[in-house]
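Since the structure comes first, as structure tokens, the remarks are kept for the end.
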Amino acid sequence: MRLDMISTTLHIPLGGQFGFWQTVNSHGWCALVPFDVDKSEQRLGRLLELQNGTLVRCSLHRRSSNLTAELKSAGKITKAEKDEVRRQLTECLRLDEDLSEFYTEARRRPHYRWIARQRAGRLLRAPTVFEDVVKMICTTNCSWALTESMVGNLVRNLGTPFDNGVRSFPSPQALAQVTEKYLRTHIRTGYRSPYLLELATRIAEGDLKIEHWRSSTLSSEELFEEARSVKGMGTYAAGNILKLLGRYDYLGLDSWVRAKFYELHKKGRRVSDKTIERHYASFGKWKGLFFWLEMTREWYDRKFPF
DNA sequence: GCGTCCAGGTCTACC
DNA sequence: GGTAGACCTGGACGC
């Protein structure tokens, strides 16, 4: 479908702490639709769905001390819609998250000073917790290629169409409308299908309010347990979802980071998860972030992999 | 082209 | 509380 698009530009002032390209490439999310990346231009693309259903395609890049967002939509964007775009982008790029305390901790430790220098530590997230949780479940027990396939199928089959084949991430309501068989056959989510369906149905029916998690006053332990109560979210998935909520108390171990830890700290020898936990215990509430950045440091030293 | 094996987290049943 | 086996997909490999 081709629509007559209206373009407009939004400028968002950035603090000195903010590393745009570092945030975009902080983990694999930028490679999962409806995000897309243009490496040569250092741009992040994203189709946003606003509360009133309006779709806005954003192309983001850094220009001096501003984030420039080039917006395209089927009609003229109102001021209220622009404000919502700004809010959603602030959520995705964690522009409101204050990492001063984390950087002070990093500067105190010679091995981690590079983190503050690089302005690393902001982890890209989706506009909604729902999208983050669905994607996290789609990373479990499979290769990255399969994650890309499952998320691509979800967006292609259940997302709202925009322009030129681009689609939004499906809402809980859209996901809740299909059957487990449909998910297995068309989305290829396998045994995860009943988990995704249950999650979407609970949210659509108002039984589970995961969008509150980002502003929750619960302790990290309580929030971790609440995340664990979602079927399909084990210790790995819940630990990493907490990082996307701004809580870094958990490591979120998977086979890739374990292997990286063995390589960096144990000359390739396997050790127990408890040993890894002990290694980072002194980092307190920041341990998950120090851990992830140490495991991915080479991404910052050379090119990012996504 | 077909069959087999394997890697990857989580859940459930069982001890 | 700890452990074994099932779940499902796609890629690698051998024939």
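Letters A, B, ... are given to chains in the order of the sequence lines, protein chains preceding strands, and every chain is numbered from 1. Keep in mind it's a predicted model, so treat the numbers as computed, not measured.
A heavy-atom distance below 4.0 Å to DNA chain B is reached by these residues of residues 242-281 of chain A, ordered by number: Asp254(A), Ser255(A). The stretch residues 182-201 of chain A touches DNA chain C through Arg184(A), Arg188(A), Gly190(A), Tyr191(A), each having a heavy atom under 4.0 angstrom from the strand.
Take Trp286(A) and apply the ring pair (Phe, Tyr, Trp, His ring centres under 6.0 Å) test, not counting sequence neighbours, and it matches Phe102(A), Tyr248(A). Checked against side chain to side chain donor-acceptor pair (under 3.5 Å), Glu180(A) has the following partners two or more places apart in sequence or in another chain: Arg184(A). Every residue two or more places apart in sequence or in another chain was checked for a side chain to side chain donor-acceptor pair (under 3.5 Å) with Arg167(A), and none qualifies. Scored by the side chain to side chain contact (heavy atoms under 4.5 Å, CB included) test, Asn153(A) finds Ser149(A), Arg156(A), Asn157(A), Ile187(A), Arg188(A) as partners (sequence neighbours excluded).
In this structure, the helix from dG1(B)-dC15(C) to dC15(B)-dG1(C) shows an angle of 30° between the axis at its start and the axis at its end, each fitted on 5 base pairs and rounded to 10°.
Judged purely by atom type and a 3.5 angstrom limit, Ser219(A) uses its side chain to pair as donor or acceptor with the backbone of Glu222(A).
Applying the salt bridge (Lys or Arg N to Asp or Glu O under 4.0 Å) test to every pair with at least one member in residues 269-283 of chain A, sequence neighbours left out, gives these pairs: Arg258(A)-Asp273(A). The salt bridge (Lys or Arg N to Asp or Glu O under 4.0 Å) analysis of residues 65-82 of chain A, with sequence neighbours excluded, yields the pairs Arg43(A)-Glu70(A), Lys79(A)-Asp83(A).
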Considering only nitrogen or oxygen atoms on both sides, find all protein atoms under 3.5 Å from nucleotides 12-15 of chain B and state each distance.
none

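In summary, contact between chain A and DNA chain C, defined as any nucleotide atom under 4.0 Å from a heavy atom of the protein, begins and ends at dC7(C) to dG10(C) in the 5' to 3' direction.
Taking atom CE of residue Met150(A) and atom C1' of nucleotide dG8(B), one finds them 10 Å apart after rounding to whole Å. The nearest whole Å value for the distance from the OH atom in Tyr236(A) to the P atom in dG8(B) is 12 Å.
Salt bridge Arg214(A)/Asp132(A): present, at least one basic N to carboxylate O contact under 4.0 Å. Taking a cutoff of 4.0 Å between a charged side-chain nitrogen and a carboxylate oxygen, Glu294(A) and Arg297(A) do not qualify as a salt bridge.
Ala145(A) comes within 4.0 angstrom of no nucleic acid atom, judged by non-hydrogen atoms across all strands.
Side-chain N/O atoms of Thr23(A) and Ser26(A) include no donor and acceptor closer than 3.5 Å. Looking only at atom types and distance, the side chain of Gln173(A) has no donor-acceptor partner in the side chain of Gln177(A) under 3.5 Å away. For Asn66(A) and Thr68(A), the side-chain atoms include no donor-acceptor pair closer than 3.5 Å. For the residue pair Asp38(A) and Ser40(A), a side-chain donor N or O sits within less than 3.5 Å of a side-chain acceptor on the partner.
Checked options Tyr280(A), Tyr103(A), Phe290(A); the residue passing with Tyr112(A) is Phe290(A) (criterion: ring pair (Phe, Tyr, Trp, His ring centres under 6.0 Å)).
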Could you go through residues 237-245 of chain A and list every donor-acceptor pair under 3.5 Å that involves a side-chain atom there, pairing it with any protein atom two or more places apart or in another chain?
from	atom 1	to	atom 2	distance (Å)
Asn240(A)	OD1	Lys243(A)	NZ	3.0
Asn240(A)	ND2	Tyr236(A)	O	3.0
Asn240(A)	ND2	Gly252(A)	O	3.2
Lys243(A)	NZ	Leu251(A)	O	2.7

